[in-house]
4 protein chains.
Amino acid sequence: MALWLRVDPRSPTPVYQQIVDGIKAAVAAGWLKPGDRLPSVRDLAVSLAINHNTVAKAYQELERSRVIEVVRGRGTFVANPGQRPPPNVEERVHKLRDTLRLAWIEAYHLGLAEDAFEEMFHQARDDARGERKEET
Amino acid sequence: MALWLRVDPRSPTPVYQQIVDGIKAAVAAGWLKPGDRLPSVRDLAVSLAINHNTVAKAYQELERSRVIEVVRGRGTFVANPGQRPPPNVEERVHKLRDTLRLAWIEAYHLGLAEDAFEEMFHQARDDARGERKEET
Amino acid sequence: MALWLRVDPRSPTPVYQQIVDGIKAAVAAGWLKPGDRLPSVRDLAVSLAINHNTVAKAYQELERSRVIEVVRGRGTFVANPGQRPPPNVEERVHKLRDTLRLAWIEAYHLGLAEDAFEEMFHQARDDARGERKEET
Amino acid sequence: MALWLRVDPRSPTPVYQQIVDGIKAAVAAGWLKPGDRLPSVRDLAVSLAINHNTVAKAYQELERSRVIEVVRGRGTFVANPGQRPPPNVEERVHKLRDTLRLAWIEAYHLGLAEDAFEEMFHQARDDARGERKEET
DNA sequence: GTGGTCTAGACCACG
DNA sequence: GTGGTCTAGACCACA
């Protein structure tokens with residue numbers, strides 16, 4: 001269980017954020033499909049050897065983003081995309097736009113050529129896609 | 001002075017980081033050119049209505065990244081790129097790659113079409129470039 | 001706790017630098033081993049009768065040099081050497097080379113004989129080694 | 001005049017200290033010999049394009065260390081070694097010892113092998129000696 | 001509990 | 001006047 005999820009407590013990014021990112025990545029890559037059941041908070045906490053509050057916080061965040069759905073008494077599942085549009089989409093798009101802007105700036109300061117960075121961008125798409133390649 | 005720099009004390013990103021990002025952005029956009037003098041630590045602190053230690057921390061971080069240079073007792077200046085290569089380049093490239101991967105994942109969860117996201121990417125490049133358009 | 005660390009507020013070298021040097025020395029001498037837990041920022045501050053920000057600055061510097069590792073919410077630990085190579089190695093080697101050159105010059109002006117200085121050099125090695133004598 | 005002396009205002013080591021180090025190095029290397037006349041404070045200041053107060057401070061420091069001698073109305077000259085022993089020798093020796101100890105620690109953290117560092121030490125001696133090779 | 005950030009105000013070395 | 005350091009005390013995110 002949860003072999004596709006790794007967490008590094010020494011990373012500067014918070015542990016709960018790593019879980020959020022990891023699950024979002026798994027969904028985007030197609031490793032987790034709508035309707036799939038996620039491990040319970042406590043199970044995942046044990047698997048990752050971390051505090052269960054941390055997992056709970058990650059699940060809350062994921063539910064707010066409509067990535068997962070909690071069915072009371074049954075467990076938590078990967079949500080169907082497009083069912084209920086997530087709140088604060090506008091804010092997240094804005095943040096995403098800003099992330100890309102900062103990425104370009106960082107690329108500039110690292111001396112990356114424009115087309116090299118562009119290639120990195122498309123490489124990242126393939127990484128994120130995972131096994132979902134032919135779908136969209 | 002420093003009209004191109006704004007800081008939001010309520011933002012979740014630390015104020016000193018906002019200054020770092022802002023100055024990196026100004027350099028990447030060509031608003032600040034190598035050799036240009038930056039406002040003194042205390043002047044900028046007054047302009048931004050923040051504590052001077054916060055500005056000092058930002059300047060130290062920028063110096064570590066080789067974006068600016070401190071000339072003893074004279075002030076701080078925008079560094080010449082490529083003079084001394086910044087440390088951690090490899091690590092920073094790795095982080096940048098990861099940022100792009102996460103951006104693609106976020107775009108997926110926001111329901112953005114691939115070409116729409118690609119356009120956002122290029123839009124971000126133009127935003128970051130600023131007046132540097134014709135140079136490279 | 002922290003009996004092996006002393007700080008002199010009247011010294012011309014900054015207090016935070018004394019802490020950095022002291023901990024690097026403790027690691028090099030084998031008094032602190034990889035994985036050992038360091039006192040918390042605030043505890044060490046109390047022990048040394050200084051402000052906690054000063055300790056925090058020292059810890060951050062040590063983390064940048066990859067001497068210690070911060071585990072979120074758990075504390076800071078002595079890092080495993082060679083895990084992630086520290087940044088700036090080349091620059092630091094260059095500085096070290098220069099330090100030795102200046103040391104020879106100083107020895108000359110102090111009228112130290114060459115072999116006396118050489119002995120001082122080896123004495124310094126034994127001092128730095130501490131209890132690490134038999135390992136390498 | 002003073003072609004053997006270079007000063008970098010962007011260096012973290014104070015300018016006056018760079019002058020002190022440079023002149024001590026020139027003497028130790030034999031480029032400057034006892035009795036040689038040094039440029040006047042103002043001339044050197046012009047040559048190096050720096051403030052003359054900075055040069056004056058360096059000369060004062062050098063005189064205190066008995067490296068140079070100021071003859072009123074005649075100029076400043078390289079002193080005869082061993083004529084008048086400099087004050088605070090003990091303190092300087094202590095500092096030198098500490099410098100070597102810290103150098104060993106730094107070598108350890110840079111992962112330098114012991115004999116590699118030892119070789120660097122002897123290389124530094126040759127660098128410091130300059131043209132004085134056969135004398136002592 | 002941990003470290004990270006920020007403020008207000010002070011002192012110092014340097015040029 | 002420049003940046004660098006330090007203190008005292010506060011608030012916050014994270015685990």
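Just so we're on the same page: letters track the sequence lines, and every chain starts at 1. Note: hydrogens, waters and symmetry copies are ignored here, and every other heavy atom, side chains too, is used. Note that this is a predicted model, so its numbers are computed, not measured.
Between dT7(E), dG9(E), dT5(E), one nucleotide has an atom nearer to the side chain of His52(B) than all others, and that is dG9(E). When distances are taken from the side chain of Tyr59(C) to each of dG3(F), dA15(F), dG3(E), the shortest belongs to dG3(E). Listed candidates were dT2(E), dG3(F), dT5(F). Nearest to the side chain of Lys57(C) is dT5(F). The listed nucleotides are dT7(F), dT5(F), dG3(F); the one nearest the side chain of Val70(B) is dG3(F). Relative to the side chain of Pro14(C), the nucleotides dT5(E), dC6(F), dG3(F) differ in distance, and dC6(F) lies closest.
For Arg42(C) and dG3(E), a side-chain-to-base donor-acceptor distance below 3.5 Å is present, hydrogens and geometry of angles not being considered. Under 3.5 Å, the side chain of Asn53(B) and the base of dC6(F) form at least one donor-acceptor pair of N or O atoms.
In this structure, Arg66(C) pairs ionically with Glu91(B), as a charged nitrogen and a carboxylate oxygen lie closer than 4.0 Å. Taking 4.0 Å as the cut-off between side-chain N and carboxylate O, Lys95(B) and Glu106(A) do not count as a salt-bridged pair. A salt bridge between Asp98(C) and Arg101(C) is present, with a side-chain N of the basic residue lying under 4.0 Å from a carboxylate O of the acidic one.
Ile19(C) has its CD1 atom 13 Å from the P atom of dT5(F), to the nearest Å. Look at OH on Tyr16(C): it is 17 Å from C1' on dT7(F), rounded to the nearest Å. Atom CZ of Arg72(C) and atom C1' of dG1(E) are 14 Å apart (whole Å). A straight line from CG of Asn51(B) to C1' of dT7(F) spans 12 Å, rounded to a whole angstrom. Rounded to an integer number of Å, the gap from Leu48(A) CG to dA15(F) C1' is 14 Å. Rounded to an integer number of Å, the gap from CZ of Arg10(A) to C1' of dT2(E) is 17 Å. Whole-Å rounding puts the Ile68(C) CD1 to dG4(E) C1' distance at 14 Å. The CD atom of Glu61(A) sits 14 Å away from the P atom of dA13(F) (whole-angstrom rounding).
Put simply, Thr76(C) has no side-chain N or O that comes within less than 4.0 Å of OP1 or OP2 on dT2(E). Taking 4.0 angstrom as the limit, Ser40(C) places a side-chain polar atom (N or O) nearer than this to OP1 or OP2 of dT2(E). The phosphate of dT7(E) has OP1 or OP2 within less than 4.0 Å of a side-chain N or O from Thr54(B).
When the shell of 6.0 Å around CZ of Arg74(C) is examined, it contains 12 or fewer heavy atoms from other residues, nucleotides or ligands. Counted within 6.0 Å of CD on Glu90(B), heavy atoms from surrounding residues, nucleotides or ligands total 12 or fewer; the atom is thus considered open.
Look at dC14(F): its Watson-Crick or wobble partner, with both distances under 3.5 angstrom, is dG1(E).
No contact: Ile50(D) has no heavy atom under 4.0 Å from any strand. At a threshold of 4.0 angstrom between heavy atoms, the contacts of Val15(D) are confined to the sugar-phosphate backbone, with no base atom among them.
Comparing Arg74(C) and Gly73(B) against DNA chain F, the residue whose closest nucleotide sits nearer the 5' end is Gly73(B). Each of Thr13(A) and Gln60(B) was matched to the nucleotide of DNA chain F holding its nearest heavy atom; the match closer to the 5' end belongs to Gln60(B).
Taking CD of Glu61(B) as the reference point, atom CD1 of Ile23(B) lies at 11.5 Å (rounded to 0.5 Å).
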